[in-house]
Amino acid sequence: MSPRLDLLRATLIVLSLLATSLAFHLVVVSSLQHRSSQQRGYSAFRRMVAEGTAPAGPTGADGRQLSHGTPVAYLEIPSIGVREVVGEGTTAADLMAGPGHRRDTPLPGQTGTSVVMGRQSSYGGPFNRLGDLKVNDKITVTTGAGISTFTVISLRFGGEPTPRPLRSGQGRLLLVSAAGASYFPSQVLRVDADLDTSASQAPRAVVKASALPPTEQIMGTDATSLWRLVFWIQALIAVTLGVVWSWHRWGRPQTWIVFFPLTALVGLFASAEAARLLPNLL
């Protein structure tokens, strides 16, 4: 077989491995990553609550705007088994660790509508069963300001009417996720829940709705790490050339022993970067 055909075959094999690596990453690796992130987030949030430094607004105890991923709440939905630490921000990278609080809205339990977004399938799929919620189901959220309880009032998809506007001094929680087939969502699901307990006054917002970048909006994608994906694709090409060279110089057994683990490793790193380009609610 000619070297060109060998190169073509090796390229097809590597591309297949990359696709398989992406699927493996989304289904298996991402769930492990989510679990680890949640454990770290829970420990950090519990410590902040105990020390009285848990965020009660868009800024921390030092007066600075909260950084992406900062734990801001603990969300519990007993009817669907959700117990998740909520981080600040809703980019694709933010939602890899768990549900995220949209930065242009107040925290749950404060006046106004707080928005929390979460993934449907990948990275633990914390909102996978959001569609199983029913009207009058209860939701509990713990923040630096205390514990708040909410009652679900509606589940709606795109185009369906929104619930009645809030009156002055009231609070509401809006949960948002993708809906449809796992990893192939066809629409967006929104769950509205009204605050049962007294609402605390929401601090002045730091990020306005008009200034929220597209990467943090519903089904937003983030291409800021595209350069890293390009780097790993270049590494994949280099490994492919090495496979072809080894196939002719060392033989098949040696090539499999040396290059299969390396190719799999590079494929996993490349798939991890590719996952960042997917919609944040996937």
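- Looking only at side-chain heavy atoms (C-beta outward), V152 and K134 stay at 4.5 Å or farther from each other.
- For H101, the side chain to side chain donor-acceptor pair (under 3.5 Å) partners two or more places apart in sequence, or in a different chain, are E88, T105.
- Under the 4.5 Å side-chain contact rule for hydrophobic residues, V29 and V27 share a cluster.
- The shortest distance between side-chain heavy atoms of T215 and P213 falls below 4.5 Å.
- Its side chain within the 4.5 Å cluster rule, F45 clusters with Y42, M48, V49, Y74, V85 among the Ile, Leu, Val, Met, Phe, Trp and Tyr residues.
- Residues L22 and L229 do not share a hydrophobic cluster, defined by chaining ILVMFWY side chains whose heavy atoms lie under 4.5 Å apart.
- Proximity of a side-chain donor or acceptor of S37 to a complementary backbone N or O of A97 within less than 3.5 Å is not detected.
- Residue pairs that meet the salt bridge (charged side-chain N to carboxylate O under 4.0 Å, His left out) test with at least one member in residues 93-103, sequence neighbours left out, are R102-D104, R103-E216.
- Atom-to-atom distance recorded for S271:OG and R276:CZ is 11.5 Å, nearest 0.5 angstrom.
- The only option from V191, V176, V82 that meets the side-chain contact (heavy atoms from CB on, under 4.5 Å) definition with L130 turns out to be V191.
- Note that the CG atom of L281 and the OG1 atom of T221 stand 11.5 Å from one another [nearest 0.5 Å].
- From T149, atom OG1 reaches atom CD of E76 across 11.5 Å, with rounding to the nearest 0.5 Å.
- In this structure the side chain of I153 reaches within 4.5 angstrom of the side chain of R172, judged on heavy atoms.
- Closest heavy-atom contact between L107 and A56: CD1-C, 3.6 Å.
- Contact detail for P106 and A202: the closest heavy-atom pair is CB-CB, 3.7 Å.
- To the nearest 0.5 Å, atoms CD (Q39) and NE2 (H34) are separated by 10.5 Å.
- Between the N280 side chain and the Q217 main chain, a donor and an acceptor come within less than 3.5 Å of each other.
- Sequence neighbours left out, the pairs with a member in residues 145-156 that pass salt bridge (charged side-chain N to carboxylate O under 4.0 Å, His left out) are R156-D192.
- Atom OG in S79 sits 7.5 Å away from atom CZ in R129 (nearest 0.5 Å).
- Note on V28: it does not cluster hydrophobically with V266, by side-chain heavy-atom contacts below 4.5 Å among ILVMFWY residues.
- Side-chain atoms of P99 and P126, non-hydrogen and from C-beta on, do get closer than 4.5 Å to each other.
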Can you list the steps and then say if F127 with L95 is a side-chain contact (heavy atoms from CB on, under 4.5 Å)?
-> CA-CA 11 Å; F127 282 1; L95 299 191; over 6 Å; no
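- The shortest distance between side-chain heavy atoms of V115 and T90 does not fall below 4.5 Å.
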Which is it for L26 and L278 under the side-chain contact (heavy atoms from CB on, under 4.5 Å) test, yes or no, and what are the steps along the way?
-> CA-CA 11 Å; L26 292 176; L278 300 176; 4.0 Å; yes
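- In this structure, Q33 has no side chain to side chain donor-acceptor pair (under 3.5 Å) partners at least two apart in sequence or on a different chain.
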Ring pair (Phe, Tyr, Trp, His ring centres under 6.0 Å) assessment of F269 paired with H25 = CA-CA 9 Å; F269 276 110; H25 176 85; 9.9 Å; no
Evaluate the side-chain contact (heavy atoms from CB on, under 4.5 Å) criterion for residues I80 and D137: first the C-alpha distance (whole Å), next the side-chain angles of each, then the deciding distance (0.1 Å), finally the verdict.
-> CA-CA 10 Å; I80 58 174; D137 279 351; 5.7 Å; no
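- With sequence neighbours excluded, no residue satisfies salt bridge (charged side-chain N to carboxylate O under 4.0 Å, His left out) with R47.
- The two residues P279 and M219 come nearest to each other via the heavy atoms CB-CE, 3.7 Å.
- With values rounded to the nearest 0.5 angstrom, L195 atom CG is found 10.5 Å from T113 atom OG1.
- Residues Y183 and I218 do not share a hydrophobic cluster, defined by chaining ILVMFWY side chains whose heavy atoms lie under 4.5 Å apart.
- Take F150 and apply the ring-ring contact (aromatic ring centres under 6.0 Å, His included) test, not counting sequence neighbours, and it matches no residue.
- The salt bridge (charged side-chain N to carboxylate O under 4.0 Å, His left out) pairs that include a residue from residues 19-42 number zero, where partners must be two or more places apart or lie in different chains.
- Nearest heavy-atom pair across S182 and N128 is OG-ND2, 4.3 Å.
- The two residues P108 and L173 have their closest heavy-atom pair at CG-CD1, 4.1 Å.
- Take S200 and apply the side chain to side chain donor-acceptor pair (under 3.5 Å) test, not counting sequence neighbours, and it matches no residue.
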Under 3.5 Å, sequence neighbours excluded: what are the donor-acceptor pairs made by side chains of residues 160-171?
| unit_1 | atom_1 | unit_2 | atom_2 | d |
| --- | --- | --- | --- | --- |
| E160 | OE1 | F157 | N | 3.3 |
| R164 | NH2 | D194 | OD2 | 3.1 |
| Q170 | OE1 | R167 | N | 2.8 |

Should V116 and E84 be marked as a side-chain contact (heavy atoms from CB on, under 4.5 Å) after you check the CA-CA gap, both sets of side-chain angles, and the distance that decides it?
-> CA-CA 11 Å; V116 173; E84 292 277 326; over 6 Å; no
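- Nearest heavy atom pair, residue A178 against residue P185, reads CB-CB, 3.5 Å.
- Both L189 and L75 belong to a common hydrophobic cluster when Ile, Leu, Val, Met, Phe, Trp and Tyr are linked at side-chain heavy-atom distances under 4.5 angstrom.
- Counting only residues at least two apart or on different chains, the salt bridge (charged side-chain N to carboxylate O under 4.0 Å, His left out) pairs with a member in residues 218-233 are R228-E273.
- Annotation: side chain to side chain donor-acceptor pair (under 3.5 Å) contacts of S122 (sequence neighbours excluded): R119.
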